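We name chains A, B, ... by the order of the sequence lines, and we start the count at 1 in each one. If you're wondering where the values come from, they're calculated on a predicted model, not measured in any experiment.
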2 protein chains.
Amino acid sequence: MTNPLIDHIRKFVTLDETTSADVISRFKLQKIRKKTRLLEEGDRCRHMHFVTKGCLRLFFLKQNGTQQTTQFALENWWLSDFNAFAAHGVASFSVDAVEPSEVLSIDAQGLEKLLADVPQLEKYFRLIHQKANGAAQRRVRFLYELSREEMYTNFITSYPEFCQRIPQYLLASFLGITPEYLSEIRRKALLKPV
Amino acid sequence: MTNPLIDHIRKFVTLDETTSADVISRFKLQKIRKKTRLLEEGDRCRHMHFVTKGCLRLFFLKQNGTQQTTQFALENWWLSDFNAFAAHGVASFSVDAVEPSEVLSIDAQGLEKLLADVPQLEKYFRLIHQKANGAAQRRVRFLYELSREEMYTNFITSYPEFCQRIPQYLLASFLGITPEYLSEIRRKALLKPV
DNA sequence: CGGATCGTTGATCAACTTCAACGGTCGTGG
DNA sequence: CCACGACCGTTGAAGTTGATCAACGATCCG
C-alpha cells in the first residue's frame with residue numbers, strides 16, 4: 001500500500017499491510033480548492049488534518065479586522081487548533097487552503113477509536129506532537145530574537161521555493177508585518193547586494 | 001503511592017501500584033537551589049524534567065548578551081528543549097531554577113525503556129505533548145496579537161500570585177521588553193485606576 | 001474594457017529601545 | 001554590627017523600528 005500518511009507513519013513505527021488499509025479507511029479524503037475553510041474561528045473544532053498535497057494555513061482575526069497567519073502546513077504536516085481539538089471546544093483559529101490541496105481528516109471520536117484499535121499509533125502521535133512542540137519552541141525563539149527584517153531574510157533563504165508559491169501579503173501576514181513594510185524591506189534588500 | 005508525577009499521570013491513564021513504583025524508580029529526583037543550571041545552551045540535551053516543586057525557566061542568549069526567557073514551568077509541567085532532546089542534539093536553550101525546586105528527570109534511553117516497559121505511558125506523553133503544542137499555538141497568538149503593554153496587563157491579571165514570586169527583570173525578560181519599559185508600563189498602570 | 005486586488009511609495013505617528021544616571025535594598029566580609 | 005559593593009528598579013532624553021494613512025500603477029480576471 002502506498003499512501004502519503006502511511007509512508008509518514010512508517011518513518012516512526014512499523015505497520016503491516018492490513019493494518020495500513022484499516023488505518024487509511026478511518027480518514028476522510030478531502031480535495032479542496034484554494035481558500036476553502038476547514039475550520040472557522042468560533043466554531044467547534046472537530047478535526048485534525050494531515051496534508052498530503054498543497055498547503056494549509058492557521059490564522060486568526062486581529063482586533064483591527066486583518067488576518068494574522070501563525071502557521072503554514074505543507075505536505076506531511078498535521079494541522080488543527082490542538083487545544084480546541086483536545087477539549088472538544090471552540091476554536092480560536094481558522095484554517096484554510098493556500099493552494100488547491102488534499103488532506104486526510106479525522107475527528108476526535110475517530111481518532112480515539114483508531115488509537116484504541118491500533119495502539120502503535122500512540123507512539124506515532126506522541127512523536128509527532130513532541131516534534132511540533134519542539135518546533136513551536138524554536139518558533140517562539142525566532143519571534144523574540146529577530147527583527148522583522150531579519151525574519152524576512154531568514155525565511156526567504158530557508159524556504160525560497162515556498163516563498164514563490166505564496167502571495168506576498170500572506171508572507172507579510174506570517175511575518176507579522178504590514179505589506180507596506182515588507183515592500184520597504186524588499187527594496188532595501190535589492191539595493192544592498194548590488 | 002502518593003507522588004506528584006504519579007498523580008499527574010493518573011489524570012490521563014490508569015496505573016496500578018506496582019507499576020507506579022516501577023515508574024518512579026526510573027526517575028532521578030533532584031533538589032536544586034535557585035539559579036542551578038539543568039541545561040546549558042550548546043551542550044547536548046539529555047533530559048526531560050518534570051517539576052514537582054518550585055519553578056524552572058527556559059531561556060536563550062540574545063546577540064546583545066542578555067537572556068531572553070521564553071517559558072516558565074511550574075509544578076506539574078514538563079520542560080526541556082524538545083527538539084534537541086528528541087534528536088539527541090545540541091540545545092539551543094538553557095534551563096535553570098527560578099526558585100529552590102524539586103524535579104524528576106529522565107534521559108532519552110531511560111524514557112525509551114520506560115515507554116517500552118509501560119506502554120500506557122505512550123498515551124500519557126502523547127496527551128502531554130498535544131497539550132503543550134496547543135499551548136504553544138496560543139502563545140504564538142498572544143505574541144502576534146498583543147502589544148507589550150497588553151501582554152503585561154494580561155499576564156498579571158492571569159497569574160497575579162506567580163508575578164509576586166518572580167523578580168521583575170525576569171517578568172520583563174519573559175514579556176520580551178526591557179526592564180526600563182516595564183517600569184514605565186507599571187507607572188502608567190498605577191496612575192490610571194485612581 | 002472595467003473593476004477589484006495586489007504591490008509600492010512617501011509622510012506622519014506610535015511603540016519600544018538604548019544609554020546614562022541615581023536611590024534603595026540586600027547580603028557579605030571586615 | 002556596620003559598611004561596602006552588587007544588584008535591582010526607576011527616570012528622562014534621544015533614537016529606531018515598524019504602523020498607519022492616503023494615493024498611485026500594475027495586473028489579473030470576468
Side-chain angles (χ1 to χ4, degrees), chain A residues 33-35 55 57 59-70 96-100 140 142-156 162-192 194, chain B residues 33-36 57 59-70 96-100 140 142-156 162-192 194:
Chain A
R33 295 191 307 170
K34 203 170 157 172
K35 300 200 177 175
C55 178
R57 67 191 263 260
F59 65 98
F60 65 91
L61 240 63
K62 295 210 280 189
Q63 298 92 329
N64 64 16
T66 62
Q67 297 181 349
Q68 175 62 57
T69 303
T70 64
D96 74 1
V98 173
E99 307 172 337
V140 170
F142 279 132
L143 287 174
Y144 276 117
E145 193 173 24
L146 305 179
S147 71
R148 300 312 165 111
E149 184 170 347
E150 286 168 330
M151 280 190 64
Y152 168 76
T153 54
N154 180 74
F155 195 75
I156 55 158
F162 175 65
C163 292
Q164 305 296 75
R165 280 164 67 177
I166 62 170
Q168 199 167 305
Y169 68 94
L170 272 191
L171 179 56
S173 167
F174 178 73
L175 295 175
I177 62 180
T178 57
E180 292 95 325
Y181 189 55
L182 179 55
S183 225
E184 192 181 327
I185 290 174
R186 288 166 57 86
R187 179 162 42 110
K188 282 199 291 184
L190 282 179
L191 294 180
K192 276 233 194 81
V194 174
Chain B
R33 296 192 308 169
K34 204 169 155 172
K35 300 201 177 174
T36 305
R57 66 191 263 261
F59 65 98
F60 65 91
L61 241 61
K62 295 210 283 189
Q63 299 92 328
N64 64 16
T66 63
Q67 297 180 350
Q68 175 62 55
T69 303
T70 63
D96 74 1
V98 173
E99 309 170 336
V140 170
F142 279 131
L143 286 174
Y144 277 118
E145 193 174 23
L146 304 180
S147 72
R148 300 313 164 107
E149 185 170 347
E150 288 168 329
M151 281 190 63
Y152 168 75
T153 55
N154 179 74
F155 196 74
I156 54 157
F162 175 64
C163 292
Q164 305 295 75
R165 281 163 66 176
I166 62 170
Q168 200 167 306
Y169 69 92
L170 273 189
L171 178 55
S173 167
F174 178 72
L175 295 175
I177 62 180
T178 58
E180 293 94 326
Y181 190 55
L182 178 54
S183 228
E184 192 181 326
I185 291 175
R186 288 166 56 85
R187 180 160 43 109
K188 282 198 290 183
L190 283 178
L191 295 181
K192 275 232 194 84
V194 175

J.: May I have the distance from B:Glu150 (atom CD) to C:dC16 (atom C1'), rounded to whole angstrom?
T.: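 For the pair B:Glu150 CD and C:dC16 C1', the rounded distance is 14 Å.
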J.: Less than 4.0 angstrom between a side-chain N/O of A:Tyr181 and OP1 or OP2 of D:dA19, yes or no?
T.: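 Answer no for this pair, as no side-chain N or O of A:Tyr181 is under 4.0 Å from OP1 or OP2.
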J.: Between A:Ser147 and D:dT17, is there a contact of a side-chain N or O with OP1 or OP2 at under 4.0 Å?
T.: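 A:Ser147 to D:dT17 OP1/OP2: no side-chain N or O under 4.0 Å.
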J.: What is the separation between atom CD on A:Gln67 and atom P on C:dC6, rounded to the nearest whole Å?
T.: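 Distance, rounded to whole Å: 11 Å.
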J.: Would you call A:Lys62 and A:Phe60 a side-chain contact if the rule is heavy atoms closer than 4.5 Å?
T.: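 Yes - at least one pair of side-chain heavy atoms lies under 4.5 Å apart.
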J.: Could you state the CD-P distance from A:Gln168 to D:dA26, rounded to the nearest angstrom?
T.: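 So the CD-P distance, A:Gln168 to D:dA26, works out to 17 Å.
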J.: Given atom CD of A:Glu149 and atom P of D:dG18, what is their separation to the nearest angstrom?
T.: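 One finds 7 Å between P of D:dG18 and CD of A:Glu149, rounded.
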J.: State, yes or no, whether a side-chain contact exists between A:Val98 and A:Lys34 at a heavy-atom distance under 4.5 Å.
T.: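 SC-SC contact between A:Val98 and A:Lys34 ruled out.
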J.: Atom CG of B:Leu171 to atom P of D:dC8: distance rounded to whole Å?
T.: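 After rounding, the reported distance stands at 14 Å.
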J.: Can you check the B:Lys188 NZ to D:dT10 C1' distance for me, whole Å?
T.: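 Interatomic distance, NZ of B:Lys188 to C1' of D:dT10: 15 Å.
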J.: Do the side-chain N or O atoms of A:Arg187 get closer than 4.0 angstrom to the phosphate oxygens (OP1, OP2) of C:dT8?
T.: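 For C:dT8, neither OP1 nor OP2 has a side-chain N or O of A:Arg187 closer than 4.0 Å.
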J.: So B:Met151 and B:Leu143, do their side chains get closer than 4.5 Å, heavy atoms only?
T.: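 Yes; the side chains approach each other to less than 4.5 Å.
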J.: Check whether any side-chain N or O of B:Ser173 sits under 3.5 Å from a backbone N or O of B:Thr69 as a donor-acceptor pair, and report yes or no.
T.: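 Present.
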J.: Could you tell me how far apart B:Arg186 (CZ) and D:dC8 (P) are, to the nearest whole angstrom?
T.: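 About 15 Å, once rounded to whole Å.
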J.: Atom CG of B:Asn64 to atom P of C:dT17: distance rounded to whole Å?
T.: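 Answer to the nearest Å: 11 Å.
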J.: Which is more 5' along DNA chain D, the nucleotide nearest A:Leu146 or the one nearest A:Glu180? Just name the residue.
T.: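 So the residue in question is A:Leu146.
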J.: Classify the angle between the aromatic ring planes of B:Phe174 and B:Phe155 as parallel (below 30°), tilted (30 to 60°) or perpendicular (above 60°).
T.: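 Because their plane-to-plane angle lies in the 30° to 60° range, the rings of B:Phe174 and B:Phe155 count as tilted.
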J.: At under 4.0 Å between heavy atoms, what does B:Ile177 touch on the DNA or RNA strands: base, sugar-phosphate, or nothing?
T.: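 If one applies the 4.0 Å heavy-atom cut-off, B:Ile177 turns out to touch the sugar-phosphate alone, with no base involved.
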J.: Within the structure shown, what part of the strands sits under 4.0 Å from A:Glu184 by heavy-atom distance: base, sugar-phosphate, or nothing?
T.: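 Counting heavy atoms under 4.0 Å across all strands, no contact is made by A:Glu184.
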